[in-house]
There are 2 protein chains.
Amino acid sequence: MIFKTTEHVTPHEIPRYVKMHDLDNVAIVVNDKGLAAGTVLDTELVLKDRVPQGHKVSLVDIEQGEVIRRYNVVIGRALKPIPKGSWVHERLIEMPPALGFEGLPIATSPAQVLPALDGYTFEGYRNKDGSVGTRNILAITTTVQCVSGVVAYAVDRIKNELLPRYPNVDDVVGIEHTYGCGVAIEAKDAIIPIRTLRNISLNPNFGGELLVVSLGCEKLQPERMFPPGSFPVRVESLEATGPETVCLQADHHVGFMSMIDDIVQTAKPHLERLNARRRETCPASDLVVGVQCGGSDAFSGVTANPAVGFATDLLVRAGATVMFSENTEVRDGVDQLTMRAATEDVARDIIQELSWYDNYLGRSKVDRSANTTPGNKAGGLSNIVEKAMGSIVKSGSSPINSVLAPGEKLKPDQKGLVFAATPASDFICGTLQLAAGMNVHIFTTGRGTPYGLAQCPVIKVATRNDLARRWHDLMDVNAGRIASGEASIADVGQELFEMILAVASGKKTWAEHWKIHNSLVLFNPAPVT
Amino acid sequence: MIFKTTEHVTPHEIPRYVKMHDLDNVAIVVNDKGLAAGTVLDTELVLKDRVPQGHKVSLVDIEQGEVIRRYNVVIGRALKPIPKGSWVHERLIEMPPALGFEGLPIATSPAQVLPALDGYTFEGYRNKDGSVGTRNILAITTTVQCVSGVVAYAVDRIKNELLPRYPNVDDVVGIEHTYGCGVAIEAKDAIIPIRTLRNISLNPNFGGELLVVSLGCEKLQPERMFPPGSFPVRVESLEATGPETVCLQADHHVGFMSMIDDIVQTAKPHLERLNARRRETCPASDLVVGVQCGGSDAFSGVTANPAVGFATDLLVRAGATVMFSENTEVRDGVDQLTMRAATEDVARDIIQELSWYDNYLGRSKVDRSANTTPGNKAGGLSNIVEKAMGSIVKSGSSPINSVLAPGEKLKPDQKGLVFAATPASDFICGTLQLAAGMNVHIFTTGRGTPYGLAQCPVIKVATRNDLARRWHDLMDVNAGRIASGEASIADVGQELFEMILAVASGKKTWAEHWKIHNSLVLFNPAPVT
Ligand SMILES: [Ca+2]
Ligand SMILES: [Ca+2]
Ligand SMILES: [Ca+2]
Ligand SMILES: [Ca+2]
Ligand SMILES: [Ca+2]
C-alpha cells in the first residue's frame with residue numbers, strides 16, 4: 001500500500017491519496033473535505049475534477065473498456081475514456097459479472113501458518129464445557145415472540161429487585177426474537193433459525209445457565225429447540241426433563257403476577273451460580289472473535305479492515321478463533337477464499353455456502369449486488385466488487401481452517417480462521433456469530449453506526465479521523481490515523497489486539513457504557529405463515 | 001348452533017357438547033376436563049373413547065372415506081371407520097386438497113346490507129386528515145435498525161424528563177424494526193415492508209406528528225420511506241424538506257449526547273401539539289377495528305370468533321371499518337369470501353391476494369397447512385380447514401367491500417368490512433393492520449397469549465372459561481360463557497362492541513395496564529443481503 005503526500009502545505013491541508021497495490025490504476029483521496037480540481041497530487045498527477053474523500057482518482061489515462069484495478073483486482077471496466085487525474089465515480093464503471101463456481105483454485109495456496117504467539121492472556125469466566133465467557137450474563141431464552149412482553153416485564157423486575165444482590169452478574173438479558181410461531185417450521189430452511197436460537201442460548205457469555213420461557217402452544221416447542229443432548233446439563237434432576245422451562249400456559253399460572261413470580265423465582269438459583277463465578281486468567285486461545293463491517297466507505301478497506309486483518313493474524317497466531325462472514329461481501333472474492341482454504345474440504349464448504357446463498361437470492365431474482373447502500377456509494381465504494389475486496393481484508397492472511405453454515409456452533413477443535421457464512425446485514429451477521437459462540441465482536445464502520453449487542457461486547461473501529469472525532473464516545477478504536485499517516489496498519493492492529501484482550505477481561509466498550517444495543521435478528525430463509 | 005347438556009348431574013359436571021350446523025356429523029366437547037369414555041351425552045349418544053375438551057365426537061357412524069362435516073363444511077374424510085361416539089382426532093382425518101382459484105362463485109351472494117345502527121359514539125382524538133386516534137402517542141419513526149439503540153435511549157429520556165410535563169400525551173413509542181439496510185431493497189416485494197413502515201407512521205393514534213430518526217447511509221433513506229406527497233404536512237416550512245428528520249450521521253453531531261439532545265429537542269414541539277389535543281365525541285363510524293385470532297383452539301370458532309363476528313356486524317352497521325386478515329386461515333374458505341364480495345372486482349382482488357400468497361409459500365415448497373400449531377391440535381383443531389372455518393367467522397356476515405394488499409393504508413372511503421390480506425402470524429398481522437390505519441385491535445385466543453401492541457389498544461377475548469379464570473388480568477372479555485351456556489353469542493358480541501367503544505374512549509386494556517407489548521414484525525417476502 002502506498003500513501004502519498006505532497007510537502008508544500010500545512011499538515012492538515014496536505015493532499016493525500018492511497019494506492020492499495022503497485023498494479024492499481026486508481027487510488028483514493030484521503031483528505032476529509034476531498035480535493036479540488038487542479039490540486040497537484042504529485043509532480044505528474046493533477047486533479048481534473050473535484051474528488052470527494054474516499055473516492056477514486058485515475059492514476060493513468062484509462063481507455064474505454066479497459067479494466068479498473070484496485071487491490072490488484074478488476075473492480076470493473078471503464079464505460080468511457082477516463083483521463084488521468086479524473087474522479088472515477090460509479091457511473092464510469094461497468095461491474096464485472098460474478099465469478100462462477102467452476103474451475104476455482106481449490107486450496108492451492110493456503111497461507112503459511114504464521115509463527116505461534118505465546119503469553120497473551122485475558123481474565124475470563126471459564127465454563128464447564130471449556131468455553132470462556134467475557135461477560136457474566138443471565139440470558140432468558142424464549143421460544144416465541146408471544147412471551148416477550150411478559151419476559152421484558154420479568155427482566156425489569158429481576159434487574160431492579162435481584163441484580164443488586166448479585167454484583168458479579170453483569171446483566172440479565174431476554175433473548176427476544178420474532179420466530180417461534182406463524183412460520184413454516186417444517187420448511188427445509190427452518191433449521192437455520194431454530195439452531196440459531198438454540199446455539200445463542202449456549203453462548204459462552206451465559207455461563208451454561210439455561211432458562212427458557214415458553215408460551216405452550218407455539219410451533220417451536222422447547223423440546224424442538226433443545227432436543228435431548230443438545231444442551232449441557234448442570235443439575236442431574238434436569239436431565240430427564242430438558243432445560244428449565246417456565247411455560248406461561250401452565251395450569252398453575254393464575255394471574256399475570258404468577259407468571260412474573262415464576263420467572264423471577266426460577267431465575268434466582270441461576271443468578272446465584274453466576275454470581276459465585278470469578279474471572280480467571282485464560283490464554284488468548286480461548287477468545288472467539290467475530291469480525292464484521294457495516295456502514296462501510298472506501299476507507300474501510302484501507303484503514304480499519306486491514307487493521308482488523310492484522311489483529312486477526314495476531315489472534316490466530318495466539319491460538320484464538322476468528323470468524324469472518326458476510327456472504328455477499330466475499331462472493332466476489334470467492335477465488336481468494338478457496339485458494340486460502342486449508343484443505344480441499346474447506347474450499348468445497350466455502351463454495352457450498354456461497355452457492356446456496358446465490359440460490360437464496362436468486363429465488364427473488366436479486367444477486368450479491370443488492371448489498372451496496374447509498375452510504376457505500378456516497379463513501380466512494382463504486383460497486384460490490386470494490387466493497388468485497390475491502391471487506392475480505394478483515395480476514396487477514398491465515399489459512400481458512402473451517403466453515404460454519406448459518407446458525408451453527410463452533411466445535412471445540414475449530415480454531416484459527418473460520419468462515420462463518422452469514423448474510424452481511426449487521427444484525428443478522430452479529431446474531432449468527434453469537435450463535436457460533438462469539439465472545440468478542442469487532443465492528444468496523446466508515447459512515448458510522450452506533451451498533452451494539454446486549455449479549456457480547458462490541459469493539460467499534462472507525463475508518464476515518466473525522467468519524468472518530470465526531471463520534472468520540474461511540475468509537476472504541478480510531479483506524480483513521482492510518483490514512484492520515486499518524487499510525488501504521490500494524491500499530492492500529494496491535495492496539496486493537498490489546499483492546500480485545502482488555503475488553504475480554506471486562507473493560508467496557510462505549511456501547512456498553514451507554515447501555516445501547518440492537519435487536520437480535522434471525523436469518524429465516526423460509527416463509528412466514 | 002346446538003348446545004346439548006344432560007340434566008342429571010350437578011351443573012359444573014354436566015356433559016356438554018356443541019354442534020355448529022344441522023348437517024354436521026361431529027360435535028365438540030365443552031367440558032373443561034374433557035369427558036370420559038362411557039359418558040352418556042344423550043339418550044342415543046354414549047362416548048366410546050375419552051374425548052378431551054374442544055375435541056370432536058362422532059354423532060353418527062362414519063364409514064371409511066366418508067366426509068367429516070363441521071360448520072357444514074367438509075373438513076376431511078375418514079381414514080378408517082369411525083363408530084358413533086368416538087373421539088375424532090386428527091389421525092383419523094384426511095385433509096381435503098386446497099380449493100382451486102378457477103370457477104369460484106364471484107360476488108354471487110353478498111350478504112344483504114344490514115340495517116344502519118345509529119347513535120353510537122366514542123371519545124377520540126380527531127386528526128387533521130379526518131381520521132381519529134383512540135390514543136395520543138408520539139411515535140418516533142426509524143428508517144433502519146441501526147438507530148434503535150439510540151432511539152431507545154432517547155425515548156427513555158423523553159419519558160422520564162418530558163412526558164410528566166405533557167399529561168395528555170399517553171406514551172412515546174419508538175417504531176423499531178429490523179428493516180432498512182442489509183435487505184434487497186430493489187427486489188419487487190420490497191414495496192411491502194417499505195409501505196408498511198410509511199403507513200404505520202401515519203397511524204391515526206400518532207396524531208399526524210411525523211418525527212423520523214435516520215442513520216444516514218441506510219438503504220431505506222427517509223425520502224424513499226416518505227416520497228413527496230406521502231405524508232400530511234403540518235408545518236408549511238417542512239413541505240419542501242420532507243418529514244422532520246434527525247440524521248445521526250449529520251456533521252453537527254459531535255458525541256452521543258448531541259444525538260440524544262437533538263432527538264429530545266426535536267420531540268418537544270410535537271409533544272406540545274399532541275398535549276394540546278382533547279378527546280371529542282366521534283361517531284362509531286370513525287372506528288377502524290382490526291380483528292385477529294391467535295393461539296386458537298376448537299372453541300375459537302365456537303365462542304370468541306362468532307362473538308367477534310357479531311360485534312363486526314354491529315360495527316359495520318354503525319358505519320365503522322372492520323378488517324379481517326390471516327391469509328392461510330381464510331384460504332380454505334376462499335369460496336365463501338368470493339361469494340360474499342360486494343362486487344366482482346372485490347372478489348377478484350381476494351383471489352389475487354390469496355393466489356399471490358400461495359405462490360409466496362410455494363417458493364419454499366410449503367402451503368397453507370404450515371399454519372397449524374401443536375397448540376391448535378392439542379386444542380382440538382385437526383387441520384387448517386377446520387381452523388379456517390372457525391377463523392373466518394370473525395368477519396361476521398356483511399358484504400366484503402374492499403381488499404387491501406399487505407402494508408396498504410385504507411382510503412377514507414373504504415368503510416365497512418375489508419379483507420386486509422396478511423400472514424396469520426400474530427405480530428405480522430397486527431403490524432400490517434396498524435399500517436392500514438387500525439385504531440382498535442381485537443384478538444381472540446383459546447390457548448392464551450399475552451399479546452399487546454404499544455401503538456394501539458388490544459382487546460383480548462378468551463374462548464374458554466378456564467382461560468378467562470386463570471388469565472383474569474390478561475383477558476379483557478370472556479366468551480367462554482357461550483360454551484357453558486351462561487351467555488349467548490349476541491350477549492358477548494354486544495358486550496365486546498361496548499368494550500370497543502369504551503376502550504376507544506380511553507379505557508385501558510389489561511395489556512395497557514401492565515404496559516406489556518410485543519414487537520412490530522414486518523412482512524418482508526424479499527431476501528436479506
Ligand atoms: Ca460489511
Ligand atoms: Ca455487516
Ligand atoms: Ca389466527
Ligand atoms: Ca381491483
Ligand atoms: Ca394470528
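Everything numeric in this text was worked out from a predicted model, so none of it was measured. Below, chains carry the letters A, B, ... as their sequence lines are ordered, and counting in each starts from 1. FYI, side chains are in, hydrogens and waters are out, and symmetry mates aren't considered; it's all heavy atoms of this structure.
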Is B:Ala152 close to chain A through its backbone or its side chain, or both, or neither, when contacts mean heavy atoms under 4.5 Å? neither

Heavy-atom distances under 4.5 Å only: say whether A:Met475 touches chain B with side chain, backbone, both or neither. neither

Please classify the contact of B:Ala454 with chain A as side chain, backbone, both or neither, using a heavy-atom distance under 4.5 Å. neither

Options A:Asp251, A:Val144, A:Thr422, ranked by heavy-atom pairs under 4.5 Å with chain B, top entry: A:Asp251

Top residue by heavy-atom pair count (under 4.5 Å) with chain B, among A:Ser425, A:Ser258, A:Gly255, A:Ser364? A:Gly255

Output the option from A:Lys377, A:Glu329, A:Met259 having the highest count of non-hydrogen pairs under 4.5 Å with chain B. A:Met259

The reported gap from CG in A:Leu520 to OG1 in B:Thr178 (rounded to nearest 0.5 angstrom) is 11.5 Å

Return the minimal non-hydrogen interatomic distance between A:Trp514 and B:Met257, and the atom names on each side. CZ3-CE, 3.5 Å

Which heavy-atom pair separates B:Val528 from A:Leu361 by the least distance, and what is that distance? O-CD2, 3.4 Å

Portion of A:Phe256 that has a non-hydrogen atom of chain B nearer than 4.5 angstrom: both

Residue, of A:Val183, A:Thr328, A:Val521, A:Asn371, that accumulates the most heavy atom pairs under 4.5 Å with chain B: A:Asn371

Grab the two heavy atoms, one from A:Arg470 and one from B:His253, that are nearest each other, plus how far apart they are. CB-O, 3.6 Å

Is a donor on one side and an acceptor on the other found under 3.5 Å between the side chain of A:Lys219 and the backbone of B:Ala370? yes

Check whether A:Ala184 gets within reach of chain B through its side chain, its backbone, both or neither, counting any heavy atom under 4.5 Å. both

Grab the two heavy atoms, one from B:Pro450 and one from A:Leu215, that are nearest each other, plus how far apart they are. CD-CD1, 3.8 Å

So for A:Ala378, is it side chain, backbone, both, or neither that comes closer than 4.5 Å to the heavy atoms of chain B? neither

Mark yes or no for whether B:Gln145, through its side chain, and A:Phe427, through its backbone, hold a donor-acceptor pair below 3.5 Å. no

Atom group of A:Ala250 that falls short of 4.5 Å from chain B, counting heavy atoms: backbone

Ordered numerically, the heavy-atom neighbours of chain B under 4.5 Å found in residues 293-300 of chain A are A:Gly295

To the nearest 0.5 Å, how far apart are OG1 in B:Thr529 and OH in A:Tyr357? 6.0 Å

So which of B:Cys181, B:Gly149, B:Gly182, B:Pro527 has the biggest tally of heavy-atom pairs under 4.5 Å with chain A? B:Pro527

Enter the distance from A:Gln249:CD to B:Thr449:OG1 here, rounded to the nearest 0.5 Å. 8.0 Å

Check: B:Thr373 side chain, A:Glu218 main-chain N or O, donor-acceptor pair, under 3.5 Å: no

Rounded distance (nearest 0.5 Å) linking atom CD of A:Glu186 with atom CG of B:Asp367: 11.5 Å

Find the one option among B:Val254, B:Thr372, B:Leu467 whose heavy-atom pairs under 4.5 Å with chain A are most numerous. B:Val254

Side chain, backbone, both or neither: which part of A:Val366 has an atom under 4.5 Å from a heavy atom of chain B? side chain

Is there a donor-acceptor contact under 3.5 Å from the side chain of B:Tyr153 to the main chain of A:Lys515? no

Do A:Ser519 and B:Glu176 come within less than 4.5 Å of each other through their side chains, counting heavy atoms only? yes

Side-chain (A:Asp426) to main-chain (B:Cys146) donor-acceptor, under 3.5 angstrom: no

Atom pair CG/CG of B:Leu248 and A:Leu474 - distance to nearest 0.5 Å: 9.0 Å

